[in-house]
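Comments concern the structure below.
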Amino acid sequence: MAKNFVVFLPLLIFCFVFPPPASSYSSNQTDRISLLAIKSSLEDPQGALMSWNQTLHFCSWNGIQCGGRNRDRVVTINLTSQGLVGNLSPHVGNLSFLTTIILKNNTFNGPIPTEISHLRRLEFVDFNNNSFVGEIPTNLSRCPNLVRLNLVRNFLSGAIPTDLGFLSKLETLALSANKLSGPIPPSIGNITTLTKLSLGSCNFNGEIPESFGRLRRLTSLQLYGNSLTGIIPPSLFNLSDMQFFDVSVNQLHGLISSTVGLTLPNLACLYVEQNQFSGRIPNSISNASLIEWLDMSSNQFTGPIPSVGGLTQIQEFILHSNLIVDDLSFISSLTNSTELERLDVSDNMLSGSLPESTTNLSIHLSWLYIHKNKIHGNIALGIGDLINLVEVNLSDNFLDGPIPFVIAKLSNLRTLLLGNNRFRGELPSLFGNMTVLSRLHVDGNSLSGNVPTSLGNCTNLLELDLSDNNFNGLIPPEVIRLPSIAIVFNLSHNAFLGSIPYEVGSLKNLAALDLSSNRLSGQIPNSLSRCVSLQQIYLDDNLLDGEIPSALSALMGLQDLDLSRNNLSGLIPAFLGNLKLEKLNLSFNRLHGEVPTTGVFRNITSISLDGNQGLCGGISELKLHHCSGVDSPIRKLSTLLKILIPILVVGGIFVMLLVFCKYKGRMGNQTSFVTSHDSIGGQFMRLSYADLLKATCGFSESNLVGFGRFGSVYKAILNDEDTLFVAVKVLNLAVKGASKTFMAECKALGGIKHRNLVKLVSVCDSIDFQGNNFKALVYEFKFNGSLEKWLYNNKEKTDKSGEEIRNLSIIQRLNIATDIAQGIEYLHYGTGSSIVHGDLKPSNILLDHDMVACVGDFGLAKILSSSHEISNSSIGIKGTLGYVPPEYGTCESVSMQGDVYSYGIILLEMFTNKKPTDDLFDDHLNLHSFVSMALPDGVMEIVDPYLEIGELNSGKKRECMSRILSVGVSCSNENPKDRMPIFDAVNELSTIRNWFCS
C-alpha cells in the first residue's frame, strides 16, 4: 500500500498545483450568479446594467473588470454615477477575487452587507454620496488588504468600530457627512499608514484622541462640524507632513501651539474657526511659508495680530470676529505675502487709521474685508492700484473724507460696501465706469448732491443702497430703470424731490423698493404694476397725493406695503384685501369711506389706519363708526344684493354648470397663474465661488451631471445636513456667447416662479482663486433627470423575468406634456412681458421627485414687451437642429410661435419614440409629416412600441393617441399663423387626460 502511495504521489501533487478546468468553470458561475443577484436587487432607470445579461460574458459587462489566476474572475466593480437605486446584495461577498468596488454617486440604500468582510483581497471601497443606513460593519477589519475606505455622504449611524484600528494598510479613511456619533476611538491612531482622515460633519463628541499624534504620514485631517471638546493634542502639531488641518465648527478651546508654523512647515490650509480658542495667535505661524488659506475667525483670540510677512504664498488671511485689539500696523507685514488673495479682519476691535501700506498689498488681492471695526481716517488714493479687487467691504467703521474717485479704476469690482461711516461730499460720477458692479452700498454716511446719472451704465447692479444720506434733486430715470436690480433699491432718508419716475416700472425683478422719508410728490405711478416681483414697497413719509392706483392689484407677491404719512385721498381699494399682504400701513393720509374686511384687513395687528378721519366700518377691533351718509347707498346696495343673490343663483345655476363644464380645463389652468407671481427674492441665496467650490467637491468629475456648449452642470449640496441639493451650471467663458447666455437666464428667471419652470436659487458672478472670471447659475436639483433620458434609456428587459424596466406610461406622458405646455404658457402670458425660451427640447425638460416636468436652460431666452412682439437678434438664431422652427432659418427673429413649434415636435417625439433628426427623415419627410400622414387610422402603427396605454379597447386607444398627436401636429405646422395657441394646447391635453382617466 505504501508502494502505491509513492506511485500516485506525483499525480496528487500535479492535481493540486494544476486544478482541472471544472473548478475554474464553477468559480466563473459563482461570479456570474453573484453579479446577477446584485442586479436583481436594484432599480436601473438609466439602463446602466442592460449589458448584464446571459448573451455576454460577465467580464464584458458595464463596470466590470476581470483578472485573477485565469483572467476570468471579477476584480473590479465600478458603477460610478449610474443612477442605481436599491440595496447592495449580500452576494457581493461571494466575489472572492474582488479588489475594488466603487459605487459612488448613486442611491444605494439599506445597510452595508456584513458579507463584504469575506473579501480578503479587497483594497478599495468607495461608497461616497449614496444613502446607506445602519452601522459600519464591525467585521471590516477582516479585509486585511484594505487601502481606501470612503463612506462619505451617506446616512450611516452609530459609532466607528474600534476594530478598524487593525487595518494596518489603510491609507484613506473617509467617513464625513454621516450620522455617526459617539467618541472617536483611539484605535484609529494605530493605523500608522493613514495619509487622509476625514471625519467631518457628523455627531462625534468627546476629545480628539491623543493617539492621532502617531499618524506620522497624515497629510489631511478633517474633523470639522462635530461637537468635539477639549484641546488640540499637542502631538498633532508634530505631524510634519500635514498639509490640510480643519477642526472648525466644534467646541474646542485652549491655545494654538506656539510652534505651529515651525512643526507644520508643509501646512497649506489651517481652519480653526468657530471654536473657543483663546490667548494670542502664535508668531510662529509666519514660518508656514506654503500656507494658502488661514481662517481663525469666530474665536476668543486676544492681543496683537502677529507679523505674517513670511507667509509668501498665502491666499486667504481671515481673523473674522475675534477679540483682537490693536492697530492696523500688521498690514505692512502682509506686503510680503505676494500671493495674498483674501484679507478678512472684520468684526474685531481694530482701531487707528487705514495705513498707506494697504495699497501696496498683493496685486492678486481680490477680497478686502475690514468691516465692523473702529477704523478712522481717509481711504488712500493708492487703492485704485489694486486692480484685481472683486469685493471691498469697509462698512461700519469711522472712515471719513470723500469717497476716492480712483475706486472707479477697479474694473473688476463687483461689490463695494462703504455703509455706516462718515464719508462726505458727492458720489463720484466715475462710478458709472464700473460696469460689472453688482452691489453698491453707501448708506449711513453724509454724502450730498445729486445722484450721478452715470450709474445708469452699471447694467449688472443687483443691489443699490444710497439711504440715510443727504442726496437731493430728482431721482435719475437712468438709474431707476436698471432692470438688473433685483434685490434692493433703497433711496430712503434723503431729500429727493419731484415725482417717482415712470421708469420705475423697469424694475421687473426687484424684491424691495424703499423711497421713504424724502420729499417726493405727485401720484404713485401706474407703471409700478410691471414690477411683478415686488415683495416690499415703502413710500411712506413723502408728499404723494391722489388715490391708491388700482394698478397695484397686479402685484400678487406683495407682502409689505407702507404708504403712510402722505397726502393720499379717496377710498381704500378692495383689491388690497385680495393680495398676500402681511403688513399694510396707510396711516396719516386723507383716506375715507368703508374699510374692507377681507385678507390683511381681518388682522388688527397687520394693519395701521390711524390719522385718516374719514374712515368707517371694518372689523370691530378697529372701533370705527358705522358707515352712513355718502356711504349709505353702498350699504343699501349690499343689503339688496344679499336678498337678490340667492334668487339669481337658483335661476342661473343651470347656466353656470354648463359654463363650468365647458371651460373647466382652462379655468383650472388659470389658477396656476395666481401663484406664479411669487417672487424668489425672499429666498435668493447669496453664494460665493468658495461656497460652490466646496459644495461640488472642487467641481469634481464625480459630481458632473451634464455638459453643453456653454458650460457644465454639477450636482451640489449646500448645507451641512446634506439635504439641500442643487444643480450648479458653470459657464465656460472661453466660449463666445457664454456671458450672454448667463445674462439671458438671469433676466428670464430672476423674477418668475412657476411649478413648471426650473427655479433659479442663486447666481454667482465672481472670480476664482486663480483670478479668472467665474459665472454660475444655481438651480433646484431635479432628481429624475431629463425627459430625454426617460425616453431613450429605459427600453431593455431583464434577463429572466421578462418584466419591463420602469417606463413612462401614457398618463405620465400626458402629465409631462401638460406640465411643459403650462410652463410655456406662463412664460408667454403669465408675466408683465412675454418670454420666448428659444431652445425647447427633451434634454431641457427636467423631472422632479414626483415626475413633475419643469422647463429649464434659458440661455437663449428673449424677453419681449408684448405677446405680439418679434425679437430681432443681432447674433443670429441659435437652437437645436430638429426643434428650431423653419421660419428661423430665413430671418433673424424669434417669437412665441417658434416655442409652440418646438413644443409640438417634443409632443410628437414623446409618443412616437422618433427624434426629429432620425435617419428615417430626409428633405421630403420630417416628423411632422410622418405623423400627419398616419392620422387618424394608422396612428397605432407609429406610436412608441414601449408605450403603456392601459386597459382600453382598440377603438379608444386609437382615438386617444389620435387626439394627442393631432395637438402635436397642429402646434408644429410650418406656417406660424396656422399653429395652435399654447393655451388651447393646454386645454386640449387636459381634456384628453380627463377623458382617459374617466
Side-chain angles (χ1 to χ4, degrees), residues 660-676 752-759 782 784-791 807-830 835 837 840-856 883 896-897 899-913 931 939 943-944 947-950 952 956-957 959-972 979-998:
F660 176 79
C661 293
K662 183 175 180 181
Y663 295 101
K664 180 181 178 183
R666 186 160 185 173
M667 291 299 292
N669 181 57
Q670 289 175 345
T671 304
S672 67
F673 286 174
V674 176
T675 62
S676 68
I752 61 176
K753 180 180 178 182
H754 191 271
R755 175 178 180 267
N756 302 123
L757 301 179
V758 174
K759 181 181 178 181
K782 302 301 179 184
N784 273 316
S786 70
L787 174 61
E788 183 178 54
K789 292 183 178 179
W790 279 84
L791 292 178
N807 190 33
L808 291 174
S809 65
I810 185 173
I811 191 61
Q812 285 178 311
R813 300 191 198 206
L814 264 173
N815 286 335
I816 291 170
T818 306
D819 287 343
I820 300 170
Q822 287 178 338
I824 298 169
E825 183 181 23
Y826 176 74
L827 289 174
H828 290 181
Y829 302 103
I835 301 173
H837 184 280
L840 292 169
K841 56 185 176 181
S843 62
N844 286 341
I845 307 301
L846 302 179
L847 305 173
D848 69 6
H849 266 307
D850 301 318
M851 298 300 287
V852 174
C854 300
V855 179
Y883 304 93
M896 294 190 301
Q897 288 77 19
D899 277 356
V900 174
Y901 177 91
S902 302
Y903 172 74
I905 295 298
I906 294 173
L907 186 58
L908 299 179
E909 182 179 359
M910 287 177 62
F911 288 89
T912 64
N913 193 31
V931 176
V939 68
V943 298
D944 185 354
L947 180 63
E948 300 171 2
I949 298 184
L952 297 179
K956 194 168 185 178
K957 287 179 180 178
E959 183 180 356
C960 179
M961 293 310 307
S962 178
R963 292 179 64 180
I964 293 171
L965 293 177
S966 293
V967 175
V969 169
S970 296
C971 289
S972 58
R979 293 170 194 160
M980 175 183 286
I982 193 65
F983 47 80
D984 285 346
V986 171
N987 290 338
E988 179 63 15
L989 290 174
S990 299
T991 302
I992 295 171
R993 181 174 56 186
N994 295 338
W995 171 77
F996 176 85
C997 295
S998 61

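This chain uses plain numbering: 1 for the first residue, then up along the sequence.
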Where do [X] and [Y] come nearest, in terms of heavy atoms and distance?
X	Y	result
Ser990	Thr818	OG-CG2, 3.9 Å
Met910	Ala817	CE-N, 4.1 Å
His828	Ile982	ND1-CG2, 4.2 Å
Ala821	Val986	CB-CG2, 3.5 Å
Ile992	Cys960	CG2-SG, 4.3 Å
Ala985	Cys971	CB-SG, 4.1 Å

[atom1]-[atom2] distance between [X] and [Y], expressed to the nearest 0.5 angstrom:
X	Y	atom1	atom2	answer
Asn784	Ile816	CG	CD1	9.0 Å
Leu814	Phe911	CG	CZ	4.5 Å
Asp984	Leu989	CG	CG	11.0 Å
Arg963	Leu965	CZ	CG	12.5 Å
His754	Glu825	NE2	CD	8.0 Å
Phe983	Asn987	CZ	CG	8.5 Å

Without swapping roles, check the side chain of Asn756 against the backbone of Cys854 for a donor-acceptor pair under 3.5 Å.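 Side chain of Asn756 to backbone of Cys854: no pair is present.
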
Residues forming a side-chain hydrogen bond (donor to acceptor under 3.5 Å, both in side chains) with Tyr903, sequence neighbours excluded: none

With heavy-atom distances below 4.5 Å as the criterion, would you say the side chains of [X] and [Y] are in contact?
X	Y	answer
Ser972	Leu908	yes
Val931	Thr912	yes
Ile810	Met961	yes
Pro842	Tyr883	yes
Asn815	Arg993	yes

Would Leu791 and Asp944 count as a side-chain contact (heavy atoms from CB on, under 4.5 Å) if you check the C-alpha gap in whole Å, the side-chain angles of each, and the deciding distance to 0.1 Å? CA-CA 10 Å; Leu791 292 178; Asp944 185 354; 5.7 Å; no

Output all residues satisfying side-chain contact (heavy atoms from CB on, under 4.5 Å) with Val855, sequence neighbours left out; order by chain, then residue number. Leu757, Ile820, His837, Leu840, Ile845, Phe858

Just do the side-chain contact (heavy atoms from CB on, under 4.5 Å) check on Arg813 and Ile964 with the steps written out, would you? CA-CA 10 Å; Arg813 300 191 198 206; Ile964 293 171; over 6 Å; no

For the pair Asp848 and Lys782, evaluate side-chain contact (heavy atoms from CB on, under 4.5 Å) and give the outcome as yes or no after the intermediate values. CA-CA 5 Å; Asp848 69 6; Lys782 302 301 179 184; 3.9 Å; yes

List the steps, then state whether side-chain contact (heavy atoms from CB on, under 4.5 Å) holds for Asp819 with Met851. CA-CA 10 Å; Asp819 287 343; Met851 298 300 287; over 6 Å; no

